[in-house]
Asks: 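Take this structure, written in structure tokens, and hold onto it; I'll ask about it next.
Everything numeric here is computed off the predicted structure, so don't read it as measured data. In this chain, numbering begins with 1 at the start of the sequence shown.
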Amino acid sequence: MMLDCFAPASEQSLPVWCVRPADLDAASDTSPLPAAARAFAASAGFKGEAGKLLPIPGAAGLVAGAMFGMAAPDSADPFACGALPGLLPPGTWRLEGACGDAALSALAFALGTYRFTRYRKAPDRTVRLALPEGVDADDLTRQVEAITLTRDLVNTPANDLGPAELEDAARALAARHGAAFRSIVGDALLQENFPLIHAVGRAAVQPPRLIEITAGDPDAPKVTLVGKGVCFDTGGLDLKPSSAMLLMKKDMGGAANALGLAHLLLARGAKVRLKVLIPAVENSVSGAAFRPGDIFPSRKGLSVEIGNTDAEGRLVLADALALADEEAPDVLIDFATLTGAARVALGPQLPAAFTADDAFAAELAGAAAAQADPLWRLPLWQPYAGMLDSKIADTNNVSSGAFAGAITAALFLNKFVGAAKTWLHLDLFAWNPSARPGRPEGGEAQTIRALDALLAARYG
């Protein structure tokens, strides 16, 4: 299958030369550019500035090609070609020159064509890229579909994406891949021992639920994904200020990324038994809202004192992680837009990763670098665990101080995992606050390509 933004390599196309300033030297004997193109660049005053495009005229005044400025190799953005769909004139183009990794450049181009069009149509642009030789069209399609799914879910506002609609999206993904599906909704959560999920979501109009997808050979290595599905977060009775609510439609970004990775694994037929668990809730305010100071049991059996109702994501994850841990998966990964502390430490582009498995962490760092899908490991620093102590329950859901918020959140989740051979917690932003090439402002997939590569290397 080939995406609409691509054309076969055999189709007639115009060259777009990825150039650096040295390539424009008129006297150079090693420049990939034809001498005539270099002469035109000099006459036009084009210096190969990163991100700038210079169309090259041909016969009869028609465009015969283009030059695209690239940064120096040590600072080049691997997604630089994601700017091309918005810069190139209509037509079919092929990459020439120092464009970097062919597969990443093609992926960046495709992602640069993304538009969220549910509420406003985007102008049609008939810019296509001749698929670079050696790039797997099926693999590229799989990645673009997964990222598009993730972005679309995160971008959809809460009035059109509550827990029920998130369930619909998960059900559709399961049906597409022939996976088993179930959902535990409302008071059935109490009957099946998910008290924390129920407590967080019980104040909303749409009842809370736990969504489950299962696929693959039961005897294959077990990989379980857990995604925080808080479809909107008011903060509960510890109400957020209005400015802090503006992006809270994205508080289900963990669930969206879990579904994106699930698509990557299912579409390539990964040799694993895959399970996806999504606690889907809205943290609302009503007479039924849970309160600061309340104490709830958890599926794990630990009692939890509520120190802050705005730390609800870790509560719903706790019950889902406890369920996942009961079958001792080989790899257990949770995705969550969990703490502002992680964003203060690492910013929006760099998800925080927590794991006690050093070998897994090293593999993940290598995959992240190779896939240009970054993350950064932070420590599960056990001396901070005492910050979660409660005088009247087994644990509080928040720390007693203002320090190390991302670490103490991870340590809270760690209390609900014990049997999994490897556990990875990802505290991500799932949002681009400003546009970059191939990464428009809005919802974003983070870490899923790196994890897909790691799991493919481990299990096939």
Asks: Spell out, as yes or no, whether a donor-acceptor pair under 3.5 Å connects the side chain of Asp160 to the backbone of Thr156.
Replies: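 Not confirmed, Asp160 side chain does not pair with Thr156 backbone.
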Asks: Give a yes or no answer on whether the side chain of Asn155 reaches the backbone of Gly442 with a donor-acceptor pair at less than 3.5 Å.
Replies: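 No, because the side chain of Asn155 does not come within donor-acceptor range (under 3.5 Å) of the backbone of Gly442.
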Asks: Closer than 3.5 angstrom, by distance alone: can the side chain of Asp238 be matched with the main-chain N or O of Thr309 as a donor-acceptor pair?
Replies: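 Pair found, side chain donor or acceptor close to backbone of Thr309.
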Asks: Suppose we screen for side chain to side chain contact (heavy atoms under 4.5 Å, CB included). Which residues come up paired with Asp152, at least two apart in sequence or across chains?
Replies: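 Partners of Asp152 by the side chain to side chain contact (heavy atoms under 4.5 Å, CB included) criterion, ordered by chain and then number, come out as Tyr114, Phe116, Thr148.
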Asks: Counting only heavy atoms not in Lys271, do more than 12 sit closer than 6.0 Å to its NZ atom?
Replies: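 Open.
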Asks: Which atom names give the shortest non-hydrogen contact between Phe109 and Cys5, and what distance separates them?
Replies: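 Distance-wise, the nearest heavy atoms are CE2-O, 3.6 Å.
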Asks: Measure the CG-CD1 distance between Leu274 and Ile213 for me, rounded to the nearest 0.5 Å.
Replies: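 The CD1 atom of Ile213 is 8.0 Å from CG of Leu274, to the nearest 0.5 Å.
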Asks: Go through it in stages, so that I can follow the logic: the residues are Met67 and Ile56, the test is side-chain contact (heavy atoms from CB on, under 4.5 Å), and I'd like the CA-CA distance, side-chain angles, deciding distance and then a yes or no.
Replies: CA-CA 7 Å; Met67 289 182 238; Ile56 302 170; 3.7 Å; yes
Asks: Just checking, is any N or O donor in the side chain of Ser13 or Glu11 under 3.5 Å from an acceptor N or O on the other one?
Replies: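 No, because no side-chain N or O of Ser13 sits under 3.5 Å from a partner of the opposite role on Glu11.
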Asks: Could you walk me through whether Cys81 and Cys99 pass the disulfide (SG to SG under 2.5 Å) check?
Replies: CA-CA 8 Å; Cys81 289; Cys99 300; 4.9 Å; no
Asks: Does Leu107 form a side-chain contact (heavy atoms from CB on, under 4.5 Å) with Leu111? I'd like the steps, not just the answer.
Replies: CA-CA 6 Å; Leu107 175 63; Leu111 296 181; 3.9 Å; yes
Asks: Using 0.5 Å steps for rounding, measure from the CG atom of Leu166 to the CZ atom of Arg171.
Replies: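 Interatomic distance, Leu166 CG to Arg171 CZ, rounded to 0.5 Å: 11.5 Å.
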Asks: When you measure from the side chain of Arg449 to the backbone N and O of Gln371, does any donor-acceptor pair fall under 3.5 Å?
Replies: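 Here the side-chain-to-backbone pair exists.
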Asks: How far apart are the closest heavy atoms of Leu131 and Ala9, and which atoms are they?
Replies: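 Smallest interatomic distance, heavy atoms only, reads O-CB, 3.5 Å.
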Asks: Taking only residues two or more places apart in sequence or in another chain, which ones pass side-chain hydrogen bond (donor to acceptor under 3.5 Å, both in side chains) with Asp217?
Replies: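 With neighbours one apart ignored, the set is empty.
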Asks: Considering residues at least two apart in sequence or located in another chain, which fulfil the salt bridge (charged side-chain N to carboxylate O under 4.0 Å, His left out) criterion with Glu145?
Replies: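 Glu145: salt bridge (charged side-chain N to carboxylate O under 4.0 Å, His left out) contacts with Arg176.
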Asks: With side-chain contact (heavy atoms from CB on, under 4.5 Å) as the criterion, how do Met248 and Thr234 come out once you've worked through the C-alpha distance, each side chain's angles and the decisive distance to 0.1 Å?
Replies: CA-CA 8 Å; Met248 282 302 99; Thr234 66; over 6 Å; no
Asks: Flag the pair Leu332 / Lys222 as yes when at least one side-chain heavy-atom distance between them is below 4.5 Å, and no otherwise.
Replies: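 SC-SC contact between Leu332 and Lys222 ruled out.
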Asks: Rounded to the nearest 0.5 Å, what's the gap from CG on Leu210 to CD1 on Ile278? Could you check?
Replies: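 Between atom CG of Leu210 and atom CD1 of Ile278 there are 9.0 Å.
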Asks: With side chain to side chain donor-acceptor pair (under 3.5 Å) as the rule and sequence neighbours excluded, what pairs involving residues 420-429 come up?
Replies: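 For residues 420-429: Asp334-Trp423, Asp334-His425, Thr339-Asp427, Arg343-Asp427, Asp357-Thr422.
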Asks: When you compare the side chain of Tyr119 with that of Pro157, does any pair of heavy atoms fall below 4.5 Å?
Replies: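 Yes, side chains in contact.
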Asks: Side-chain contact, heavy-atom cut-off 4.5 Å: Asp452 with Arg268?
Replies: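 When only atoms from C-beta onward are counted, Arg268 and Asp452 do touch, with a gap below 4.5 Å.
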Asks: Check whether Asp23 reaches the backbone of Arg20 with its side chain - one donor and one acceptor, N or O, closer than 3.5 Å.
Replies: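 Looks like yes, one N/O pair under 3.5 Å.
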Asks: State, with a plain yes or no, whether a side-chain heavy atom of Leu88 is found less than 4.5 Å away from one of Leu129.
Replies: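 With C-beta onward as the side chain, the pair stays apart.
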Asks: Minimum heavy-atom separation for Ala262 and Leu225, please, with both atom names.
Replies: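 Minimum heavy-atom separation between Ala262 and Leu225: N-CD1, 4.0 Å.
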Asks: For Thr224, which residues count as a side-chain hydrogen bond (donor to acceptor under 3.5 Å, both in side chains) partner, sequence neighbours excluded?
Replies: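 Checked Thr224 against side-chain hydrogen bond (donor to acceptor under 3.5 Å, both in side chains); zero matches.
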Asks: Say whether, by atom type as modelled, one donor and one acceptor occur between the side chain of Asp330 and the main chain of Val223 under 3.5 angstrom.
Replies: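 Side chain of Asp330 to backbone of Val223, a donor-acceptor pair under 3.5 Å: no, none is there.
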Asks: Considering residues at least two apart in sequence or located in another chain, which fulfil the side-chain hydrogen bond (donor to acceptor under 3.5 Å, both in side chains) criterion with Asp325?
Replies: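 Listed in chain order: nothing, the list is empty.
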Asks: Is Val16 close to Leu53 at the side-chain level, that is, under 4.5 Å between some pair of heavy atoms?
Replies: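 Yes, their side chains come closer than 4.5 Å.
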Asks: Evaluate Val398 against Phe412 for side-chain contact (heavy atoms from CB on, under 4.5 Å), listing each step before the verdict.
Replies: CA-CA 8 Å; Val398 293; Phe412 176 83; over 6 Å; no
Asks: As an exercise, state the distance from NZ of Lys52 to NZ of Lys47, rounded to the nearest 0.5 Å.
Replies: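 Going from NZ on Lys52 over to NZ on Lys47, the span is 13.5 Å.
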Asks: Is it the case that the side chains of Gln446 and Gln349 hold a donor-acceptor pair, with the cut-off being a distance below 3.5 Å and no angle test?
Replies: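 No, no side-chain donor-acceptor contact under 3.5 Å.
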Asks: If only side-chain N and O atoms count, and only distance matters, is there a donor-acceptor pair under 3.5 Å linking Asn432 with Glu441?
Replies: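 Distance-only check fails for Glu441 and Asn432.
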Asks: Checking Arg314 now: which residues fulfil salt bridge (charged side-chain N to carboxylate O under 4.0 Å, His left out) with it, not counting sequence neighbours?
Replies: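 Partners of Arg314 under the salt bridge (charged side-chain N to carboxylate O under 4.0 Å, His left out) test: none.
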Asks: For Leu104, is there any backbone N or O sitting under 3.5 Å from a side-chain donor or acceptor partner on Asp101?
Replies: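 Pair found, side chain donor or acceptor close to backbone of Leu104.
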Asks: Just jot down the side-chain hydrogen bond (donor to acceptor under 3.5 Å, both in side chains) partners of Asp4, sequence neighbours excluded, or say none.
Replies: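 Once residues adjacent in sequence are excluded, Asp4 has no partner under the side-chain hydrogen bond (donor to acceptor under 3.5 Å, both in side chains) criterion.
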Asks: Going by heavy atoms in the side chains, are Ile211 and Phe181 under 4.5 Å from each other?
Replies: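 Yes - at least one pair of side-chain heavy atoms lies under 4.5 Å apart.
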Asks: Just verifying a value: how many Å separate Tyr384 OH and Leu411 CG, rounded to the nearest 0.5 Å?
Replies: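 So the gap between those two atoms works out to 10.0 Å.
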Asks: List the residues meeting salt bridge (charged side-chain N to carboxylate O under 4.0 Å, His left out) with Glu363, not counting sequence neighbours, and say none if there are none.
Replies: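 Here the qualifying residues are Arg458.
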Asks: Show the nearest heavy-atom pair for residues Asn397 and Ala311, with the distance to one decimal.
Replies: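 So the minimum-distance heavy-atom pair works out to ND2-O, 3.1 Å.
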Asks: Do the side chains of Pro57 and Phe40 get nearer than 4.5 Å, heavy atoms only?
Replies: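 Phe40 vs Pro57: side chains touch.
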Asks: Which atom pair, heavy atoms only, marks the closest approach of Leu149 to Leu173?
Replies: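 So the minimum-distance heavy-atom pair works out to CD2-CD1, 4.3 Å.
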Asks: I need the minimum non-hydrogen distance between Leu264 and Arg142, along with the two atoms involved.
Replies: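 The pair with the smallest heavy-atom distance is O-NH1, 2.8 Å.
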Asks: Please tell me whether Glu167 and Ser183 have a donor and an acceptor in their side chains that are separated by less than 3.5 angstrom.
Replies: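 Present: a donor and an acceptor within the cut-off.
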Asks: Which pairs with one or both residues in residues 248-262 pass side chain to side chain donor-acceptor pair (under 3.5 Å), sequence neighbours excluded?
Replies: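 Checked against side chain to side chain donor-acceptor pair (under 3.5 Å) - neighbours excluded - the pairs reaching residues 248-262 are Lys228-Asp251, Asp251-Thr337.
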Asks: Looking at residues at least two apart in the chain, or sitting in another chain, which of them share a ring-ring contact (aromatic ring centres under 6.0 Å, His included) with Phe68?
Replies: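 Phe68 satisfies ring-ring contact (aromatic ring centres under 6.0 Å, His included) with no residue once adjacent residues are dropped.
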Asks: Checking Arg115 now: which residues fulfil salt bridge (charged side-chain N to carboxylate O under 4.0 Å, His left out) with it, not counting sequence neighbours?
Replies: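 Not a single residue meets the salt bridge (charged side-chain N to carboxylate O under 4.0 Å, His left out) criterion with Arg115.
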Asks: Could you check whether any side-chain N or O of Thr150 sits under 3.5 Å from a backbone N or O of Ala256, counting only pairs where one atom can act as donor and the other as acceptor?
Replies: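 Checking the backbone N and O of Ala256 against the side chain of Thr150, a donor-acceptor pair under 3.5 Å is found.
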Asks: Please check: side-chain N/O of Arg439 versus main-chain N/O of Pro437, any donor-acceptor pairing under 3.5 Å?
Replies: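 Present.
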Asks: Just by distance, do the side chain of Arg273 and the backbone of Ala220 share a donor-acceptor pair under 3.5 Å?
Replies: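 Side chain of Arg273 to backbone of Ala220: no pair is present.
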Asks: So do Arg128 and Trp93 actually touch side chain to side chain, heavy atoms under 4.5 Å?
Replies: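 Counting from C-beta outward, Trp93 and Arg128 never come under 4.5 Å.
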Asks: Rounded to the nearest 0.5 Å, how far apart are CG of Leu84 and OG1 of Thr113?
Replies: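 OG1 of Thr113 is found 12.0 Å from CG of Leu84.
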